[in-house]
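Report on one structure; see the data block that follows.
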Amino acid sequence: MLESSEYLHPDKECLSHEEIRALQVKRLQETMRHCMNNPFYKKKFEEMGVTPEDIKSVEDVRKLPFTTKQDLRDTYPFGLASVPLEKCVRLHSSSGTTGNPTVILHTQKDLDEWANAVARCLWMVGLRPSDVFQNSSGYGMFTGGLGFQYGAERLGMLTVPAAAGNTLRQIKFITDFGTTAIHAVPSYVTRIKEVMDQQGIDPRKDTKLRILAIGAEPHSEEQRKRIEDMLGVKAYNSFGMSEMCGPGVAFECKEQNGLHFWEDYYIVEIVDPETLEPVPDGEIGELVLTTINREAMPLIRYRTRDLTRVLGRTCPCGRNHIRLDRMKGRSDDMMVLRGVNIFPIQIEKILMQFKELSTNYLITLTTDNDNDNMTVEVEYNETPADMVALTKEITRRLKDEILLTPHVKLLPLGTLPQSEGKAVRVKDLRTVYQ
Ligand code: AMP
Ligand code: ZN
């Protein structure tokens with residue numbers, strides 16, 4: 001049974017499928033009307049000859065144009081705003097590796113709705129106003145900072161804006177303030193635990209930690225289990241992206257059976273990235289999201305590049321918001337090596353099955369004698385009794401998974417570069433790309 005709260009929004013969270021769909025149709029029509037204030041969308045709708053009245057069911061979203069990251073770049077900085085700039089109170093920007101960065105604008109109403117969405121996620125995993133929430137993710141332009149800050153405050157928790165880094169100080173906060181919950185990227189959680197070990201701190205005995213929100217980067221089920229065992233906590237997957245606001249787009253519930261995407265905020269589609277046609281439930285495709293509750297900068301059919309699949313449309317927790325699988329990665333993360341498609345998460349999944357290994361790893365791709373090669377460097381927790389045998393076994397298991405033989409190197413803890421933000425898992429040093 002769902003516990004009631006003002007953040008649970010039982011009127012929205014426990015809607016039946018029919019109610020969700022009716023709300024989506026209504027909100028999509030409103031969003032389209034609102035987007036007519038924006039020259040980019042107005043032109044696109046006119047070119048396609050589509051009007052809000054053409055939206056009679058949720059599937060009619062397919063009549064609308066896609067929006068891509070390139071569109072955001074081309075209209076940089078404010079070209080996709082659907083309200084005058086004076087109505088906006090915040091912007092977030094992601095730095096592009098090439099060309100213009102992207103900018104996302106928010107009105108006060110957008111920020112309020114965003115905080116409500118994050119509060120709803122945090123309530124769903126069992127956090128309450130009596131909890132102490134430490135946000136150990138980067139602040140500033142990265143939405144994981146302010147997004148969780150306002151959401152956790154909205155729920156009424158004592159919220160510690162610790163930000164990322166300065167791990168010794170992080171740990172002091174955890175012990176001194178009685179922190180019960182942390183939000184951090186998974187790779188940084190591992191770092192916190194390493195430093196706790198060095199300090200002789202036992203998270204089970206010396207801290208009050210009980211719940212973690214981990215996200216912002218792909219991670220495997222194995223990595224989640226590692227984190228839970230390491231700290232003696234429950235760790236929940238948190239999915240978000242700046243284009244949709246930030247965190248709060250989707251979260252796991254206590255069942256830990258996939259990410260609930262909030263369908264009163266978004267219309268979710270999974271499409272074949274080549275044909276752009278919908279794929280059946282259960283099949284992997286590209287996640288496409290349409291915002292239906294945003295004021296400053298609604299995005300229609302935004303191609304996220306994230307690959308996932310539908311797991312279900314009901315849940316024992318009582319929520320009927322669609323459940324998607326943890327992200328397999330982004331289509332841009334896919335490595336093509338000697339014609340084989342490989343995602344970093346496949347490698348992580350295998351590495352995490354070896355309890356001797358830590359969660360820090362780095363995949364390096366090189367060209368040697370015109371051949372693509374992969375080196376997997378991974379740190380071990382304690383010096384293995386038989387290094388050669390362990391290396392061999394890891395290599396064999398990786399080969400079974402990715403169908404080619406990587407060069408595996410085991411390294412002592414603390415050897416690989418540590419990042420406080422999203423981890424860099426792949427270094428592609430190949431001279432010739434396939
Ligand atoms: P940003 O807008 O910089 O916060 O990056 C958003 C991207 O981070 C998403 O499109 C995903 O590729 C990735 N991401 C965010 N949360 C998760 C998650 N829980 N699992 C996997 N990838 C994630
Ligand atoms: Zn659920």
Side-chain angles (χ1 to χ4, degrees), residues 1-28 57-59 61 112-129 131 133 147-148 150-152 154-157 181 183 210-215 221 224 228 234-241 244-270 280-282 287-294 304 306 308-327:
M1 263 312 284
L2 292 174
E3 296 163 81
S4 68
S5 99
E6 64 185 291
Y7 306 106
L8 190 63
H9 303 300
D11 57 325
K12 298 281 181 305
E13 242 179 291
C14 307
L15 294 176
S16 67
H17 289 292
E18 293 67 36
E19 288 166 327
I20 289 178
R21 292 170 66 82
L23 184 66
Q24 286 185 317
V25 169
K26 179 172 156 278
R27 288 194 168 174
L28 180 57
S57 73
V58 180
E59 285 67 35
V61 73
D112 281 343
E113 289 288 1
W114 181 13
N116 288 341
V118 174
R120 185 199 272 187
C121 296
L122 296 176
W123 179 279
M124 176 167 72
V125 298
L127 289 167
R128 297 295 176 264
D131 278 289
F133 187 89
F148 270 100
Y150 284 99
R154 177 68 48 95
L155 198 151
M157 290 187 281
H183 163 246
R210 63 185 198 95
I211 290 179
L212 254 65
I214 50 171
E221 186 60 34
R224 178 245 290 285
E228 292 189 327
K234 278 287 185 194
Y236 296 97
N237 191 357
S238 152
F239 176 87
M241 65 173 63
M244 293 296 119
C245 65
V249 177
F251 228 83
E252 278 177 329
C253 66
K254 287 186 181 170
E255 303 288 330
Q256 296 186 313
N257 57 357
L259 293 153
H260 278 290
F261 274 70
W262 300 122
E263 291 185 280
D264 51 331
Y265 284 72
Y266 306 100
I267 293 179
V268 176
E269 296 173 85
I270 310 283
D281 280 7
L287 173 67
V288 172
L289 294 172
T290 298
T291 67
I292 48 172
N293 198 24
R294 290 195 60 208
T304 67
D306 290 312
T308 181
R309 63 190 173 129
V310 176
L311 289 181
R313 293 171 188 271
T314 54
C315 181
C317 80
R319 296 170 183 85
N320 292 318
H321 294 261
I322 194 166
R323 276 185 300 114
L324 302 188
D325 205 354
R326 61 178 60 248
M327 300 297 137

* Asked: Between the main-chain N or O of V118 and the side-chain N or O of R154, is there a donor-acceptor pair closer than 3.5 Å?
  -> no
* To do: To the nearest 0.5 angstrom, please state how far the CG atom of L287 sits from the CE atom of M241.
  => 6.0 Å
* **Full working for side-chain contact (heavy atoms from CB on, under 4.5 Å) between Y265 and R120** => CA-CA 12 Å; Y265 284 72; R120 185 199 272 187; 3.9 Å; yes
* Asked: For G240 and V249, which heavy atoms make the closest approach, and how far apart are they?
  -> CA-CG2, 3.9 Å
* To do: Mark yes or no for whether Q256, through its side chain, and A235, through its backbone, hold a donor-acceptor pair below 3.5 Å.
  => yes
* How many angstroms lie between CZ in R309 and CG in D281, if you round to the nearest 0.5 Å? -> 10.5 Å
* Might you work through the side-chain contact (heavy atoms from CB on, under 4.5 Å) test for T291 and M244, ending with a clear yes or no? => CA-CA 7 Å; T291 67; M244 293 296 119; 3.6 Å; yes
* Asked: Going from CD1 on I292 to CG on L23, what distance comes out if it is rounded to the nearest 0.5 angstrom?
  -> 6.0 Å
* Structure fact -> Nearest heavy-atom contact between Y266 and Q24 is O-NE2, 3.2 Å
* Given side-chain contact (heavy atoms from CB on, under 4.5 Å), test L259 with M327 step by step and report yes or no. => CA-CA 9 Å; L259 293 153; M327 300 297 137; 4.0 Å; yes
* To do: Over 60° means perpendicular and under 30° means parallel, so classify the ring planes of F133 and F148, tilted if in between.
  => parallel
* To do: Can you see which heavy atom on K254 is nearest to which on M124, and at what distance?
  => CG-O, 3.8 Å
* Asked: Atom CZ in R323, atom CG in N257: separation rounded to 0.5 Å?
  -> 4.0 Å
* Give a yes or no on whether the backbone of Y236 and the side-chain of E252 come within a donor-acceptor separation of less than 3.5 Å. => no
* Asked: What's the verdict on salt bridge (Lys or Arg N to Asp or Glu O under 4.0 Å) for E221 and R224, showing C-alpha distance, side-chain angles and the deciding distance?
  -> CA-CA 5 Å; E221 186 60 34; R224 178 245 290 285; 3.0 Å; yes
* Asked: Minimum heavy-atom separation for P247 to C245, with atom names?
  -> O-SG, 3.9 Å
* Could you grab the distance from atom CG of D131 to atom CG of L122, nearest 0.5 Å is fine? => 9.5 Å
* **Distance in Å, T308 OG1 paired with R326 CZ, rounded so as to fall on 0.5 Å steps** => 10.0 Å
* **Close side-chain approach of F239 and L324, heavy atoms under 4.5 Å** => no
* To do: Would you indicate whether Y150, at its atom OH, is surrounded by more than 12 heavy atoms from other residues, nucleotides or ligands within a distance under 6.0 Å?
  => no
* To do: Determine the minimum heavy-atom distance between E263 and N320, stating which atoms define it.
  => OE1-O, 3.7 Å
* Asked: Has the side chain of H183 got a donor or acceptor atom that lies under 3.5 Å from a matching backbone atom of S238?
  -> no
* Asked: For the residue pair L155 and R128, what are the closest heavy atoms and their distance?
  -> CD2-C, 3.6 Å
* **Side chain to side chain, L289 and V268, heavy atoms closer than 4.5 Å** => yes
* Any side-chain heavy atom of V58 sitting closer than 4.5 Å to one from I267? -> yes
* To do: Please check if the side chain of H321 supplies one atom and the backbone of H260 the other of a donor-acceptor pair under 3.5 Å.
  => no
* To do: Start with the C-alpha distance between C315 and C253, add both sets of side-chain angles, then the distance that settles side-chain contact (heavy atoms from CB on, under 4.5 Å), and finish with yes or no.
  => CA-CA 9 Å; C315 181; C253 66; 3.8 Å; yes
